[in-house]
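All remarks here apply to the structure that follows.
In this chain, numbering begins with 1 at the start of the sequence shown.
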Amino acid sequence: MTGILHFGPLHLLHFRAGGHDMAIDARYMVRVTTTESIHAHRIGDRIHNTALYKGQPIPFMKFGESLHNKTYHLPMLILLIKQRYVAFVVEEVKGDVTLSQEAVEVAQEKEYDPKNLIHGIYHTESGAVLILDIEQVFAPILNTKALRSGE
């Protein structure tokens, strides 16, 4: 990581997923719920798992282990990305973070992040926190017409 980004207040949601501390821009957050709202449904010959929000199925994603290996009471973030609801299953929600005029290391090393999923890193007493580009993380789902919410 190289480069320094100076900015005004940045509001992030800090969480743990896939065994790593991560954060996303809090402006995407709609609510925190649990994985109890994940349901299986059949589309043709395939079974798909979707989360329900406002009575409608929405796509979801989880870093790390399969949901089948964990309890169904994990935290799930409901996000609004490009006017579509999606869900992101995490291990733990650590809370809101506001960074003022602090320096954040900007992610520029493509060999460690070839899909360009990381905006940058900030440091806490317990270690580094990856700031995800959540639009890029969900790009494969949001670009798949069959999984777009509301369609």
Exercise for review: May I have the step-by-step check of side-chain contact (heavy atoms from CB on, under 4.5 Å) for Ile141 and Met61, ending in yes or no?
Suggested key: CA-CA 9 Å; Ile141 289 175; Met61 182 179 293; 3.4 Å; yes

Exercise for review: Dump the intermediate steps for side-chain contact (heavy atoms from CB on, under 4.5 Å) on Met76 and Thr34, then the final yes or no.
Suggested key: CA-CA 5 Å; Met76 184 167 63; Thr34 69; 5.8 Å; no

Review point. Same hydrophobic cluster for Tyr85 and Leu52, using side-chain heavy-atom links shorter than 4.5 Å among ILVMFWY?
Key: no

Check your understanding: What residues, two or more places apart in sequence or in another chain, satisfy side chain to side chain donor-acceptor pair (under 3.5 Å) together with Tyr53?
Key -> none

Check your understanding: Quick one: does Asp25's side chain get under 4.5 Å of His11's, heavy atoms only?
Key -> no

Exercise for review: Could you grab the distance from atom CG of Leu13 to atom CE of Met22, nearest 0.5 Å is fine?
Suggested key: 12.5 Å

Check your understanding: Partners of Thr124 by side chain to side chain donor-acceptor pair (under 3.5 Å), sequence neighbours excluded?
Key -> Ser126

Exercise for review: Can you measure from CZ (Phe138) to CG (Asp133) and round to the nearest 0.5 angstrom?
Suggested key: 12.0 Å

Review point. With a 4.5 Å limit on heavy-atom distance, are the side chains of Phe60 and Val89 in contact?
Key: yes

Review point. Hey, are the side chains of Tyr122 and Val97 touching, using non-hydrogen atoms and a 4.5 Å cut-off?
Key: yes

Review point. Is the closest side-chain heavy-atom distance between Ile131 and Leu12 below 4.5 Å?
Key: yes

Point to revise | Side-chain heavy atoms of Asp21 within contact of His14, under 4.5 Å | key: yes

Review point. Do Tyr28 and Glu135 meet the criterion of a side-chain donor-acceptor pair at a distance under 3.5 Å?
Key: yes

Check your understanding: How long is the gap from CG on Leu117 to NE2 on His119, to the nearest 0.5 Å?
Key -> 10.0 Å

Practice item. Check the pair Leu10, Thr98 against side-chain contact (heavy atoms from CB on, under 4.5 Å), reporting the backbone distance first and the verdict last. Key: CA-CA 6 Å; Leu10 178 63; Thr98 299; over 6 Å; no

Practice item. Might you work through the side-chain contact (heavy atoms from CB on, under 4.5 Å) test for Leu142 and Val86, ending with a clear yes or no? Key: CA-CA 9 Å; Leu142 295 175; Val86 295; 3.8 Å; yes

Point to revise | Short side-chain to backbone donor-acceptor contact, Thr50 and Ile58, under 3.5 Å | key: no

Review point. Less than 4.5 Å apart, any side-chain heavy atom of Met29 and any of Leu79?
Key: yes

Practice item. Please check if the side chain of Glu91 supplies one atom and the backbone of Leu74 the other of a donor-acceptor pair under 3.5 Å. Key: no

Review point. Do His20 and Phe15 touch side chain to side chain, with heavy atoms closer than 4.5 Å?
Key: no

**Study point:** Glu36 vs His73 side-chain heavy atoms within contact, under 4.5 Å
**Key:** yes

Exercise for review: First locate atom CD1 of Ile118, then atom CG of Leu130, and finally report the distance between them rounded to the nearest 0.5 Å.
Suggested key: 4.5 Å

